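Quick notes on the structure that follows.
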Amino acid sequence: MNLSTSGQIPEKLLKPYDPVTEEPGIYTKWEQSGYFTPENMIKDGLTAPDAESFSIVLPPPNVTGVLHMGHAMMITVEDILIRYKRMRGFRTLWLPGTDHAAIATQSKVEKEIQKKEGKSRYDLGRDELLRRVNEFAQDSHDTIVNQMKVMGASCDWSREAFTLDEVRTKAVRTVFKKMYDDGLIYRGHKIVNWDPKGQTTISDDEIVYEARKATLYTFKYSKDFPIAISTTRPETKVGDVAVAVHPSDERYAQYVGKEYDIVFCGTPIHIKVIADDAVEKDFGTGALGVTPAHSVIDWEIADRHDLPRPQVINEYAKMTVGDERLLGKKVLEARDVIVNYLKEEGLIEKEEVIDQNVATAERTGGIIEPLPKLQWFIDVNKPFTLEHSDIDTIASGSQTTLKEIMRATVGTGQINIIPDYFTKTYFHWIDNLRDWCISRQIWYGHRVPVWYKGDEIYTGIEAPEGEGWAQDEDTLDTWFSSGMWTFSTLGWPEQTEDFKIYHPTSVLETGYDILFPWVARMILMTGYNLGTIPFKDVFLHGLVRDAQGKKMSKSLGNAMDPLEIAAKYGADAGRMALIIGTAPGTDSKISEDKIKGQKHFANKIWNITRFVLSNYSDESAGASLTADDQTLLDQWHETATKITADIDNYRLHIAAEEIYQYIWTTFADKILEESKPLLASEDAAVKQSRQRLLLTLLSETITVLHPFMPFVTETLWDMLPRPTTSFGQAPTNLLMTQPWPIKS
RNA sequence: GCGCUCUUAGCUCAGUUGGUAGAGCAGCGCUUUUACACAGCGAAGGUCGGGGGUUCGAAUCCCUCAGGGCGCACCA
């Protein structure tokens, strides 16, 4: 809707800005243009064919329901970067997708079925449960895509991926086989984190520690046993095989090496006294009852001392040994039984209440029961040969480890984490990293690509030929597939054009809370499979909290739905409110007041446009600027240059505030006010110069604002006469495809 | 226990490489034939958590103390 006659302004501009009626149509226009797809930009001459690529792969939201404000933050930041780079002339790809999120999705669906129908997954069976989960996942997916569109996400939907689809399945199986052949994936009988509620193993990163009070009991196994031990879990003591003391502890030195046979609460146990460095002299009595099967540290002590590992608790957290007092009892009941026994026998020396962190499962809330199980693991310390390497400190063909890859890529600065203090946190995590348990006893996810027939074992992309092969029942940790997200989404293992052009990706933008479970795993997977980095920059945003600083959650009732915000204030206002005042990596608070303020800002620009257009005439188009007007234009370009530098350096919060301030306090409050007499001037040169200046400033400021507030700026752009900027024009009517006002 | 981080105007927070402090909201006064009341103009408001150090100069760098938040841990 270009203007051809002076002073004529569109009807809708006479009323206040209404984002709700404008935004949906704008998104449709963008989508129909096809310009979210970089190849279409090139085809229409909007991006140079040899332009440098800029790519972001969307951290795939879990298909567990709806997007929350954290997602809104992620989408806003990424869309700002993408729209900016697109306008800067890069071959810009933002690739969207969703994550099947295995355990999170299955447990969510299981909970609903349990609640509504009173049935467990075993009542339904594998096929029926998967049918239900898939149905739920599809609904979630549709909701998520709709939410993203409402928020204005300019991603290339033609390339959308899913962590559990066919292409990604091939990538997963290819990687699994390669790691298996290299000996990095192994099957081992080891102590694992068992979730009795979810009936599955989980990795160390899926544990949430809850601070609780616990009673620490100090007692002896029997009257004539020489050493007292302390524990918060007396019920496990029927599984003890040793008492460990520190090698330098003189109090117990005389007992080391001796062995005792005891009947403990009706169960015969054989205890050997050993010395081990893992024991702390100052904790409790300085002597540790060793229960190899039900404690990680004890399992490791048993390794060093070649001790037996009797299992006394099963997958349902019930006792598997003892007489009628214990057998079949749940651990908490068994604890009472043992404590009563100790009291009756007069064996307790001390009871004290201590603070303790109880390990619980992230998704089900179940209390973790350490158990020995036969599971699949990734060995993070085993040396292997990296055939091809682009990693700075690791030569092609040299020996390395997965841990070393994770260290080297970040340590050399090849991968740059923003804010940089998270680099320390990252290294701290690697230092404490153990082998990664990747098999899960749930049904939703990538089935472990291993087949068994008698003693034969086969691993591959497809099931083996011939009769009698049975596939492993377990599925893979969801992070196994999302770890390869930057390249699986680009079609790997096929050597696709996309893969060659867009990988490594430019930026990985996500919340700092998944630095370990995801970002580190992506670095591991990419370094191992491709000998390169998955992304150059890691840009971490903080958590979004409510106005009181509380974490948003459905149960607290303080969660904000991005759709409701869009419906009330406009997506632009929500985006701007999320960005302004929010430093990278820092938690932020969002309130309705803050969003409302940005709605006012959108309206302000709307009103500025009304003023500029109603005072404009076409004969000003070629007018030369007066010295004063040229100065104002130059000053704006200085501001725009600074904003550009801030975006380039991920200071989006500053850039957003600068454009806000410029438009409101400089452009509207000062320049517009001072223009009133000039626009009424008898001197045509002065008047036309000012008219041209105002239209130029308006055009350029909404161009710079566009990545932040894409909807209102696109709506206004459509009303402006052209050409109106000092930096050239794209041959389309879409602001989204216009060149950025600052060149370098 | 190890590590990270925060403490700046009443509230919520910015402050890139050190150059005697900024925004939004709230609040105060004024303004309604004004592009915009989803507004404008004006005023007020901070010894930048305490202490010490480096420096010509510190909100910014170093040390220390206090309080909050978070992460990790083999938490018996």
Side-chain angles (χ1 to χ4, degrees), chain A residues 9 13-14 16-18 204-205 207 209 211 214 216-218 229-233 236-237 240 243-244 276-280 283-291 294-301 354-359 370 419 421-434 512-513 515-516 542-543 545 547-549 569 573 577 580-583 585-594 596-615 642 645-646 648-651 653-654 656-658 660-661 664-665 668-669 672-673 675-676 679 694:
Chain A
I9 59 173
L13 196 53
L14 295 172
Y17 176 56
D18 179 14
D204 295 346
D205 290 305
I207 290 177
Y209 288 96
L216 182 69
Y217 300 92
T218 299
I229 59 165
S230 300
T231 186
T232 55
R233 298 199 59 189
T236 65
K237 299 289 102 180
D240 280 15
V243 164
D276 193 284
D277 286 331
V279 181
E280 275 183 48
F283 189 93
T285 61
L288 166 67
V290 181
T291 325
H294 301 288
S295 154
V296 174
I297 183 174
D298 295 9
W299 178 271
E300 290 169 359
I301 291 173
I354 62 164
D355 292 312
Q356 192 188 228
N357 286 328
V358 175
Y421 56 77
F422 277 107
T423 305
K424 278 199 173 182
T425 314
Y426 173 83
F427 282 117
H428 190 244
W429 178 80
I430 294 174
D431 290 341
N432 289 304
L433 185 64
R434 291 158 180 252
Y512 64 76
D513 51 332
L515 178 62
F516 306 143
L543 304 178
R545 300 171 180 280
Q548 279 71 46
Y569 304 104
I580 284 194
T582 307
T586 308
D587 293 354
S588 60
K589 298 185 176 75
I590 188 93
S591 62
E592 293 223 7
D593 274 349
K594 194 171 178 186
K596 202 191 286 175
Q598 295 305 326
K599 179 175 190 281
H600 295 177
F601 178 53
N603 191 53
K604 186 74 183 178
I605 309 158
W606 190 261
N607 290 325
I608 289 169
T609 305
R610 182 189 309 139
F611 178 85
V612 172
L613 290 188
S614 58
N615 286 288
K642 188 165 181 314
D646 285 330
D648 281 333
N649 291 292
Y650 298 103
R651 296 188 290 261
H653 58 304
I654 295 176
E657 193 154 348
E658 280 165 340
Y660 176 98
Q661 289 299 328
W664 204 312
T665 62
D669 291 352
L672 244 51
E673 289 305 321
S675 295
K676 287 172 184 173
L679 291 168
L694 293 184

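Just so you know, these numbers come straight off a predicted model, no measurement behind them. Each chain gets a letter, A, B and so on, in the order its sequence line appears, and its residues count up from 1.
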Side chains of Tyr660(A) and Lys604(A), heavy atoms from C-beta outward: is any pair under 4.5 Å?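 No, every pair of side-chain atoms sits at 4.5 Å or beyond.
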Under 4.0 Å, counting only non-hydrogen atoms across every strand here, what does [X] touch: a base, just sugar-phosphate, or nothing?
X: Lys424(A); result: sugar-phosphate
X: Asp669(A); result: sugar-phosphate
X: Val279(A); result: base

Side chain of [X] (C-beta onward), nearest among [options]:
X: Pro16(A); options: rC38(B), rA35(B), rC72(B); value: rC38(B)
X: Ala278(A); options: rC74(B), rC36(B), rA23(B); value: rC74(B)
X: Tyr421(A); options: rC36(B), rA73(B), rU5(B); value: rU5(B)
X: Asn607(A); options: rC36(B), rG71(B), rC72(B); value: rC36(B)
X: Ile297(A); options: rC72(B), rC75(B), rC4(B); value: rC75(B)
X: Gln661(A); options: rA23(B), rC38(B), rG15(B); value: rA23(B)
X: Asp646(A); options: rA14(B), rC36(B), rU16(B); value: rU16(B)

Can you label the angle between the Trp664(A) ring and the Phe601(A) ring as parallel, tilted or perpendicular, going by 30° and 60°? parallel
Would you call the rings of Phe422(A) and Tyr512(A) parallel, tilted or perpendicular, taking 30° and 60° as the class edges?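 Geometry flag for Tyr512(A) against Phe422(A): parallel rings.
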Nearest-angstrom distance from the residue atom CG of Leu672(A) to P of rC36(B): 12 Å
[N] and [M]: how far apart are their [atom1] atoms, nearest whole angstrom?
N: rA14(B); M: rU8(B); atom1: P; answer: 11 Å
N: rC38(B); M: rA23(B); atom1: P; answer: 23 Å
N: rA66(B); M: rG10(B); atom1: P; answer: 27 Å
N: rG29(B); M: rA44(B); atom1: C1'; answer: 10 Å
N: rG27(B); M: rC11(B); atom1: C1'; answer: 11 Å
N: rC25(B); M: rG19(B); atom1: P; answer: 28 Å
N: rC56(B); M: rG40(B); atom1: C1'; answer: 44 Å

Between [X] and [N], is there a side-chain N or O to OP1/OP2 distance below 4.0 Å?
X: Arg434(A); N: rC74(B); answer: yes
X: Trp664(A); N: rG40(B); answer: yes
X: Tyr209(A); N: rC70(B); answer: no
X: His653(A); N: rG15(B); answer: yes
X: Lys676(A); N: rU34(B); answer: no
X: His428(A); N: rC2(B); answer: no

Can you say whether a donor on the side chain of Glu673(A) sits under 3.5 Å from an acceptor on the base of rA35(B), or the other way round? yes
Decide yes or no, distance alone: a donor-acceptor N/O pair under 3.5 angstrom between the base of rC25(B) and the side-chain of Lys594(A). no
Pair assignment for rC2(B), Watson-Crick or G-U wobble, requiring both distances under 3.5 Å: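 Paired with rG71(B).
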Under a 3.5 Å cut-off for both distances, is rC41(B) Watson-Crick or wobble paired, and to whom?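 The base-pairing partner of rC41(B), which may sit in any strand shown, is rG29(B).
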Between Tyr17(A) and Arg545(A), which residue's closest nucleotide on RNA chain B lies nearer the 5′ terminus?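 The 5'-side residue here is Tyr17(A).
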Leu216(A) or Phe601(A): which one's nearest nucleotide on RNA chain B is closer to the 5' end?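 Going by which nucleotide is closer to the 5' end, it is Phe601(A).
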Looking only at heavy atoms, which two atoms of Gln356(A) and Ala214(A) are closest? And how far apart? NE2-CB, 3.3 Å
Please report the shortest heavy-atom distance between Asn649(A) and Ala645(A), naming the atom on each side. ND2-O, 2.8 Å
Rounded to the nearest 0.5 Å, how far apart are CD1 of Ile654(A) and CD of Gln661(A)? 12.5 Å
